[in-house]
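Excluded from the calculations below are hydrogen atoms, water molecules and symmetry mates; all remaining heavy atoms, backbone and side chain alike, are included.
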Amino acid sequence: MLLLLVMLSVSASAQEEASEKPESSPVTTGNPEIPLDELEFMLKPLSIEELSSEAEGWFKLLKEAEIKFAAAHVAVKRQNSGIKEIEDATTRDDKQEDASVVEESIREQTEQASDKSGEAANDEKKEGAEKKKTKQQLLDHLNELRVKRTEMIDRLNAVLDELAAKSGETDSAVTTSIAQYRLYTQAVQGIAVDIKDASSTWAAVKGWVMSEEGGMRWLLNLLKVAAILIAFYFLGRLAGKAVQKASAVMQNPSQLLQRFLVQSVQRLFIAIGILMALSAMEVSIAPLLAVIGAAGLVIGLALQGTLSNFASGILILFYRPFDVGDFIEAGGISGSVTAMNLVSTVITTPDNKRMIVPNNSIWEGVITNVSGVTRRRLEMQFGIGYQDDADKAQRLLEEIVTSHAKVLKDPEPVIKLHELGASSVNFICRPWTLPGDYWAVYWDITREVKARFDKEGISIPFPQQDIHLYSEKSPETAS
């Protein structure tokens, strides 16, 4: 019971302290013209509650600037109406004066009235000129207010960015208030032009273009974007060359791995450059990264097969079962490897077909790399007839093989009588050669064996069968 009373008293005292704690008031709004970079430094140590107060303060300043801007806009509209009335009246007077010239007698009778109307027209023209001058002053003031409004928007956005970074998605109330502030800034920013009033439109566009917070600011941003993209493009190329030189120092470097590392480094620099360019264009990167992360999860679930090919491509690059230019048998395809990326491998078959094979099909099966060795052995078999001289045939085969210039001396070729077949006596012939000379040696030896066997009278039998016919005599014939 005593413990319960103590807990209740502690809770009550905490509530009293919370209720007595004064709400924090904005600090950074004391100087509305504070430089944006200084404001960002001042916002760093503030808590979420303090940042919320700062956001409220800058929002009020923005609202005041927007009210002044709207009032100036209304003043320009009213000034346009007054100028239009004066111009219409002047036009009517001019028409009346032109009509009075038609009849000379009438003009003489009304000369005094005409002089008075001319004086009134001159007064109206002077008043119109004064109103146009006032209108120009109002337009200049309107451009100044537009610049002030843009400054308030920038500072409010800086506070909102810091508040969003510290609150994240944990506080729904803060997230909602941030979204409301951003919607307000998006609604009030920009240029509203009246296409019916050419002078106002030209003044608004000209003022925005020449303003440091308008056209000049975006021109500077575009120059920054161009400089950033060009710089990171060349930095990526330099980094790619450095990676290529570093990988060349490795023992037996893979061309596929070198290409992959170089391209990855270059693309990484370009991606960083694009993000920095977006930041220079005053685009908030944090929401973009969040969208990319969410999209990456969805895409990853939708493209599981592609990710499997991606993982297989990584394993192929680092374990190096083959390289560019190697002749391989993999994924049911035989040919030379011409290119590879993280998803597929391009193989050119001997009959010049370009086959694109998924990396997963290659990695999960047997990979035969014919070019991955320094020498290859030919598997050849020749048959002679049973009536031919086997010793003579073996000597001829040995002469043919050893006299060929592309047959290696070490290891020595193997030529032996292998088996007694159904139709022939078969010799095995196993010479060694370089991988690139495989088919040349194979075709040369085959042709030479045929020519020498024919010359020496050794037959090369073809499959044959002996058929024996037996006839039985009938009883009548036997008697």
Side-chain angles (χ1 to χ4, degrees), residues 251-259 316-317 319-340 344-357 359 361-384 390 392-419 421 424-456 458 460-463:
Q251 185 178 3
N252 190 20
S254 169
Q255 294 184 25
L256 290 175
L257 182 59
Q258 285 182 341
R259 292 181 183 179
I316 291 173
L317 286 173
Y319 282 98
R320 298 185 302 173
F322 53 83
D323 205 344
V324 174
D326 289 352
F327 191 93
I328 66 171
E329 297 177 6
I333 305 296
S334 299
S336 299
V337 178
T338 56
M340 179 188 171
S344 61
T345 300
V346 180
I347 299 176
T348 302
T349 61
D351 55 348
N352 203 30
K353 292 180 181 177
R354 191 168 181 264
M355 312 293 287
I356 301 175
V357 186
N359 288 335
S361 300
I362 294 176
W363 186 253
E364 288 185 350
V366 177
I367 302 174
T368 303
N369 189 345
V370 178
S371 302
V373 293
T374 57
R375 53 195 177 186
R376 287 188 65 186
R377 189 182 73 180
L378 284 76
E379 291 286 338
M380 309 179 75
Q381 182 170 298
F382 301 102
I384 64 173
K392 183 179 180 180
Q394 183 165 346
R395 286 195 304 269
L396 289 174
L397 291 174
E398 291 174 353
E399 290 176 5
I400 294 170
V401 170
T402 55
S403 62
H404 199 287
K406 294 183 179 180
V407 174
L408 300 178
K409 306 299 181 183
D410 185 23
E412 295 182 357
V414 175
I415 301 172
K416 298 292 182 181
L417 195 152
H418 182 57
E419 64 179 354
S424 61
V425 177
N426 298 324
F427 286 87
I428 58 169
C429 181
R430 294 175 177 173
W432 291 82
T433 186
L434 298 178
D437 299 331
Y438 181 89
W439 288 109
V441 174
Y442 188 94
W443 294 326
D444 290 347
I445 290 179
T446 302
R447 183 180 184 86
E448 187 64 20
V449 167
K450 176 66 169 67
R452 292 291 298 275
F453 277 12
D454 290 346
K455 184 178 179 180
E456 298 295 336
I458 298 176
I460 300 176
F462 48 83

What's the shortest heavy-atom distance between Glu379 and Tyr438, and which atoms?
N-OH, 4.5 Å
Quick check for you: to the nearest 0.5 Å, what is the distance between Met340 atom CE and Ile362 atom CD1?
7.0 Å
Let me confirm one number: the CE-CZ distance from Met380 to Arg430, rounded to the nearest 0.5 Å.
12.5 Å
Determine whether a donor-acceptor pair (N or O, by modelled atom type, separation under 3.5 Å) exists between the side chain of Ser361 and the backbone of Gly331.
no
So how far is it from Thr368 OG1 to Phe322 CZ, rounded to the nearest 0.5 Å?
11.5 Å
Closest heavy-atom pair and its distance - Ala390, Leu417:
CB-CD1, 4.0 Å
In the structure I gave you, are the side-chain heavy atoms of Val407 and Thr402 within less than 4.5 Å of one another anywhere?
no
Okay, side chain of Lys416, backbone of Gln394: is any donor-acceptor separation there less than 3.5 Å?
no
Tyr442, OH atom: more than 12 neighbouring heavy atoms under 6.0 Å
no
Given 3.5 Å as the limit, does a donor-acceptor pair link the side chain of Asp326 with the main chain of Asp323, or not?
yes
Heavy atoms only: give me the nearest Thr374-Pro435 pair and the separation to one decimal.
O-CD, 3.3 Å
Tell me the closest heavy-atom pair linking Leu408 and Pro413, and the distance in Å.
O-CD, 4.2 Å
Is it true that, when you exclude Glu419 itself, more than 12 heavy atoms of the residues, nucleotides or ligands shown sit nearer than 6.0 Å to its CD?
yes
For Glu456, does its backbone N or O pair with a side-chain atom of Lys392 as donor and acceptor, under 3.5 Å?
yes
Closest non-hydrogen atoms of Ser336 and Phe327, given as atom of the first, atom of the second and distance, are OG-CD1, 3.7 Å
Between the CD atom in Glu399 and the CD1 atom in Ile415, the distance rounded to the nearest 0.5 Å is 10.0 Å
Is there a donor-acceptor pair closer than 3.5 Å between any side-chain N or O of Asn369 and the backbone N or O of Pro321?
yes
Taking C-beta and beyond as the side chain, do Lys406 and Leu434 meet within less than 4.5 Å on heavy atoms?
no
Hey, what do you get for CZ (Phe453) to CG (Leu396), rounding to the nearest 0.5 Å?
6.0 Å
What's the separation between atom CG in Asp444 and atom CH2 in Trp439, rounded to the nearest 0.5 Å?
13.0 Å
Between Ile445 and Phe382, is a side-chain contact (heavy atoms from CB on, under 4.5 Å) present by the stated rule, with each step listed?
CA-CA 11 Å; Ile445 290 179; Phe382 301 102; 4.2 Å; yes
Of all heavy-atom pairs between Pro461 and Ser424, which one has the smallest distance, and what is that distance?
CG-CB, 3.3 Å
